[in-house]
Amino acid sequence: MKIGIFNNETSESQRVTKLLRDEIERAGLEYDDDQPEVVITIGGDGTLLSAFHHYIDSLDRVRFVGIHTGHLGFYTDWRNFEIDDLVDSLVQDSGQSVSYPLLDMHAVYSDGSVENFVALNESTVRNITKTMVCDVYINNQLFENFRGDGLCISTPTGSTAYNKSVGGAIMDPTSIGFQLAEMASLNNRVFRTLGSPIIFGSDAKLMLRLRDDNDHVITCDREQMRQKNEKGDRHLVEVTYQVSDKRISFAQYRHNNFWNRVKDSFIGGAK
């Protein structure tokens with residue numbers, strides 16, 4: 001089995017990386033960053049997000065494993081002192097895995113160009129200088145006219161990330177769908193939106209058609225997408241979201257209960 005390692009630059013992550021490489025070699029496993037079957041990320045959820053996008057074209061043959069070297073993460077199941085146990089699991093690997101849905105993003109620009117992205121956690125659309133105004137279509141039918149800071153569209157696994165901070169709901173990660181959450185919407189006698197998160201099923205299509213012609217920012221997993229062409233004169237016109245045909249797979253060597261992780265992360269020892 002071919003093992004790849006993707007780490008952040010902290011001293012602890014680099015220490016764990018060196019230790020892990022030594023143990024992988026000692027166990028007779030093959031180290032291969034170019035065509036791995038299992039990618040081990042060392043850092044936190046941000047590191048795993050970076051690894052996901054690095055191997056985005058290999059998702060059909062790659063499984064991920066996360067080691068966290070800082071705070072607890074939702075994608076990192078192993079601690080930095082469990083290297084021996086992890087390597088034992090790699091040696092005994094039988095292909096066991098769990099997979100989760102991803103989010104397809106289809107962005108159309110004023111110059112006619114089109115870009116496609118895939119998000120593991122979420123995408124946001126905002127206007128950085130003024131109130132964002134856009135028409136929200138669900139399955140090609142106009143649902144509402146939104147005015148506010150922006151909109152957050154998240155996957156089930158990403159629902160505990162930025163989505164939660166803007167008031168979105170937490171979704172069971174085994175569900176297939178995605179979610180729309182409002183960011184500081186304007187609701188008064190003149191302007192009205194639904195004012196609550198919307199959870200879509202597996203076949204739904206969400207389209208955001210922007211009214212203004214400048215200063216919009218679109219992100220994919222918190223990374224801002226390029227807004228300008230070579231002439232610097234294009235702007236975002238429309239974004240469509242739906243469940244992706246791709247999925248992310250994790251090597252499931254032990255069971256980590258999602259709802260226990262939610263409780264530990266957001267509630268802790270409160271009674």
Side-chain angles (χ1 to χ4, degrees), residues 49 53 101-156 158-159 161-171 177-245:
L49 282 170
H53 287 284
L102 303 169
L103 182 68
D104 265 346
M105 306 163 52
H106 181 88
V108 180
Y109 297 90
S110 58
D111 63 353
S113 59
V114 176
E115 292 182 334
N116 295 290
F117 311 100
V118 178
L120 172 56
N121 268 3
E122 79 281 305
S123 169
T124 63
V125 181
R126 294 173 290 164
N127 190 299
I128 60 176
T129 62
K130 56 186 177 182
T131 298
M132 187 178 89
V133 182
C134 77
D135 294 323
V136 178
Y137 289 81
I138 299 175
N139 297 330
N140 297 317
Q141 292 189 340
L142 180 63
F143 179 73
E144 68 179 12
N145 176 244
F146 174 86
R147 284 173 169 81
D149 284 358
L151 293 165
C152 176
I153 301 88
S154 70
T155 65
S159 66
Y162 188 62
N163 167 77
K164 183 179 182 300
S165 72
V166 298
I170 294 179
M171 296 177 65
F178 60 100
Q179 179 175 176
L180 172 67
E182 299 178 358
M183 301 161 62
S185 59
L186 296 179
N187 280 287
N188 50 42
R189 290 184 301 170
V190 179
F191 308 123
R192 299 297 304 172
T193 65
L194 185 62
S196 66
I198 303 174
I199 296 175
F200 299 101
S202 58
D203 297 324
K205 182 171 74 172
L206 171 69
M207 183 174 67
L208 309 180
R209 185 168 292 163
L210 299 159
R211 294 275 192 93
D212 300 324
D213 61 0
N214 55 36
D215 295 329
H216 289 106
V217 172
I218 180 173
T219 67
C220 176
D221 290 331
R222 306 309 299 273
E223 291 295 321
Q224 183 173 329
M225 300 296 100
R226 181 174 57 88
Q227 295 292 297
K228 301 295 183 180
N229 58 14
E230 293 179 356
K231 297 180 181 180
D233 58 359
R234 77 173 185 173
H235 58 264
L236 187 65
V237 173
E238 180 181 291
V239 193
T240 301
Y241 297 95
Q242 56 192 19
V243 175
S244 176
D245 291 335

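D135 is linked by a salt bridge (charged side-chain N to carboxylate O under 4.0 Å, His left out) to R211, counting only residues two or more places apart in sequence or in another chain. Scored by the side chain to side chain contact (heavy atoms under 4.5 Å, CB included) test, N127 finds T129, K130, M132, D212, D215, H216 as partners (sequence neighbours excluded). The salt bridge (charged side-chain N to carboxylate O under 4.0 Å, His left out) search around E238 returns R209, not counting sequence neighbours. Residues that satisfy the side chain to side chain contact (heavy atoms under 4.5 Å, CB included) test with V243, not counting sequence neighbours, are P101, I176, F178. Residues forming a side-chain hydrogen bond (donor to acceptor under 3.5 Å, both in side chains) with R126 (at least two apart in sequence, or on another chain): none.
The CZ atom of F191 lies 8.0 Å from the CG atom of N145; values are rounded to the nearest 0.5 Å. The distance from atom CE of M171 to atom OG of S154, rounded to the nearest 0.5 Å, is 7.0 Å. Note that CG of L151 is 9.5 Å distant from OG1 of T124, once rounded to the nearest 0.5 Å. Between the CD1 atom of I153 and the CG atom of L103 there is a distance of 7.5 Å, given to the nearest 0.5 Å. Expressed to the nearest 0.5 Å, how far OG1 of T193 lies from CZ of F143 amounts to 9.0 Å. Atom OG1 in T131 sits 7.0 Å away from atom CG in D149 (nearest 0.5 Å).
Exactly one residue among N139, N140, D104 makes a side chain to side chain donor-acceptor pair (under 3.5 Å) with K205. That residue is N140. Each of V237, V125, V108, V133 was checked for a side chain to side chain contact (heavy atoms under 4.5 Å, CB included) with L210, and the lone residue meeting it is V125.
Between D221 and F117 the shortest side-chain heavy-atom distance does not fall below 4.5 Å. Residues T240 and Y137 fail the side-chain proximity criterion, which asks for heavy atoms closer than 4.5 Å. Contact annotation: the side chain of L180 never approaches that of F146 to less than 4.5 Å [non-hydrogen atoms, C-beta and beyond].
Across P197 and G167, no two heavy atoms sit closer than the pair CG-O, 3.5 Å. Considering all non-hydrogen atoms of both residues, A204 and Q242 come closest at O-CB, 3.6 Å. Between S159 and A169 the shortest heavy-atom distance is CB-O, 3.5 Å. Taking both residues in full, the closest heavy atoms of G158 and E122 are given as O-OE1, 4.5 Å, listed atom of the first, atom of the second, then distance. Summarising the geometry of M183 relative to C152, their closest heavy-atom pair is SD-N, 3.9 Å, with the distance given to 0.1 Å.
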> Are C134 and V136 close enough, and set up right, to give a side-chain contact (heavy atoms from CB on, under 4.5 Å), and what steps lead you there?
Replying inline: CA-CA 6 Å; C134 77; V136 178; 4.2 Å; yes
>> Run the side-chain contact (heavy atoms from CB on, under 4.5 Å) test on R222 and L49 for me, step by step, so that the C-alpha distance in whole Å, both residues' side-chain angles and the decisive distance to 0.1 Å come before the verdict.
In response: CA-CA 10 Å; R222 306 309 299 273; L49 282 170; 5.8 Å; no
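Using a distance-only test at 3.5 Å, with no hydrogens or angles considered, a donor-acceptor pair links the side chain of T155 to the main chain of N121. Using a distance-only test at 3.5 Å, with no hydrogens or angles considered, no donor-acceptor pair links the side chain of S185 to the main chain of G148. The main-chain N or O of V217 is never found under 3.5 Å from a side-chain atom of Q224 such that the two would form a donor-acceptor pair.
When the shell of 6.0 Å around CG of D203 is examined, it contains 12 or fewer heavy atoms from other residues, nucleotides or ligands. Atom CG of N116 has more than 12 neighbouring heavy atoms from other residues, nucleotides or ligands inside a 6.0 Å radius.
Applying the salt bridge (charged side-chain N to carboxylate O under 4.0 Å, His left out) definition to pairs two or more places apart or across chains, none involves residues 179-195.
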